[in-house]
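Have a look at this one before I ask anything.
Note on naming: letters A, B, ... go to the chains in the order of the sequence lines (proteins, then strands), and numbering restarts at 1 for each one.
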Amino acid sequence: MKLKYELIKKDKQTSARLGRLTTDHGSCETPIFMPVGTQASVKTLNPEELVAAGSSIVLANTYHLWLRPGEDVIEAAGGLHKFMNYSGPILTDSGGFQVFSLADTRKITEEGVTFKSHLDGSNLFLTPEKSIEIQSKLGSDIVMSFDECPAYPNTYDYIKDSALRTLRWAERGKKIKLKSHQNLFGIVQGGEFEDLRKMSALETVKIGFDGYAIGGTSVGEGKDVMYKMVEYATKYLPEDKPRYLMGVGDPLDFFEGIKRGIDMFDCVLPTRIARHGNAFTRSGKLNIRNLKYKLDFNPLEEKCDCYACQNFSKAYIRHLIIAKEVLGGRLLSIHNIRFLTKLMEDIRLSLKEDRFLEFEQEFLKQYKGK
RNA sequence: GCGGUUAUGGUGAAGUGGUUAACACGCUAGAUUGUGGCUCUAGUAUUCGUGGGUUCGAUUCCCACUAGUCGCC
């Protein structure tokens, strides 16, 4: 069965949307946050904990699984779902971003990208066809097109060439056969340039995909620029398909993205900052290593229903993080994922009740972001 | 009791007769956005056991004291 996106409701004051996404492995309401499990594992958590933390769709990464253990191993296991014992929806990123983040030794040509493995330095060659073939073997529910994620800032001419190349790559990738339950998303590029975002969006839609992502964001461009990039693109995306803002996971960015019509977000932030001792709370981010929590025997957040808050104190989690015990990072990861999934639940509820902007105001009053 | 030896921040320790006393750990704070990396960044001794002396100048040289340590009786 192909992916189904139902647009349940449109916000009257903003471009926010309430929707439902249905795959062969289950459905979820949008807007939604998707935790990242790069190597077929959301770091430190097992699938049960992930689901208990409110997650209903996760990411995995083509580049990482291609190198290790290899897509054939996962195919032999019966696909990613069976391999990692997770039965919910999975989205796989194409590896385009890794090409960007491991940029030291890469060379981009029309055919594809040559770069070095971060594991053993061996030379690798990834093409749009190869990326989709790997994802086909992985068996994820949502497959991402192989794009180029250009660095920021960049010249207009480069971004234009790059966006056009990404379009050609998208067409090539689309020709690769996927499994019947799989769906392919295209990625809009175009940097900070309005006309290029428009061109990229319109042309990507012309090729035709099951959903559309906005790429090339959260690469150091600054918030205002990012919001603009989103705006420039979502205008030209069809209403009846989901929109996914790649790599964005700051609570404040959720509001800004949703306001502009975004349905899906993914980010490593909740799990990465967790392992470094930080927690999201309704009043802002908290660094559990801070001295002031040494004798604080209250939970991270009083009203939080997550496993960490229901069972442990800040003082204990602080001790675990300082002592470098893995349980500390686990508990903070559980909490942070729950924080973001709960925030999305609250946002969806506010959309249902026609008070999205009011809820945003309420949230911002308490939340001290940067 | 005698002789030797050492004495630098929270810890382990470098070092020099003369501008801001290495480095590591710890501690304190910050960062982190389609995860290579429990990672990265910054701050953290107005002062070198105590008291004298030599010197233009001493944490560095000398003396005494105190404390630790080793050996001998």
Salt-bridge test for A:Lys175 and A:Glu129: reply yes if a basic N is under 4.0 Å from a carboxylate O, no otherwise.
->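 A salt bridge is absent here (no side-chain N lies under 4.0 Å from a carboxylate O).
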
Looking only at atom P, what distance separates B:C48 and B:C40, rounded to whole Å?
->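 That atom pair is separated by 34 Å.
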
Determine whether the side chains of A:Tyr5 and A:Arg17 contain a donor N or O and an acceptor N or O closer than 3.5 Å.
->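 Yes, a side-chain donor-acceptor pair sits under 3.5 Å.
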
A:Lys228 bridged to A:Asp224 by N-O distance under 4.0 Å |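 The answer is no: the pair does not qualify as a salt bridge.
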
Per-residue pairing states of RNA chain B in dot-bracket (Watson-Crick or G-U under 3.5 Å; . unpaired, | other strand) read ((((((((.[[[..)..(....]]]((((((.......))))))....[[[[[..)....]]]]]))))))).

Do NZ/NE/NH1/NH2 and the carboxylate oxygens of A:Glu231 and A:Arg197 come within less than 4.0 Å?
->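 Judged by the 4.0 Å cut-off on N to carboxylate O distance, A:Glu231 and A:Arg197 do not form a salt bridge.
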
Can you sort out the partners of A:Tyr244 under side chain to side chain donor-acceptor pair (under 3.5 Å), two or more places apart, ordered by chain and number?
-> A:Asp266

Selection residues 10-41 of chain A - residue pairs positive for ring pair (Phe, Tyr, Trp, His ring centres under 6.0 Å), sequence neighbours left out |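 Residue pairs with at least one partner in residues 10-41 of chain A: A:His25-A:His81, A:His25-A:His181, A:Phe33-A:Phe254.
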
Can A:His276 be called stacked on B:C38 when the rule is centres closer than 5.5 Å and an angle between planes below 30°?
-> no

With C1' as the reference atom in both, quote the distance from B:U60 to B:C72 in angstrom, rounded to an integer.
-> 32 Å

What interatomic distance, in whole Å, is found between P of B:C61 and the corresponding atom of B:U16?
->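 Rounded to whole Å, the distance is 10 Å.
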
Distance between the P atoms of B:A13 and B:U8, in whole angstroms?
->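 That atom pair is separated by 9 Å.
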
Assign A:Asn278 to base, sugar-phosphate, or nothing according to its heavy-atom contacts below 4.0 angstrom with the strands shown.
->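 Base: the residue A:Asn278, judged by heavy atoms under 4.0 Å, touches a nucleobase.
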
Select base, sugar-phosphate, or nothing to describe what A:Leu332 touches, counting heavy atoms under 4.0 Å on all strands.
-> nothing

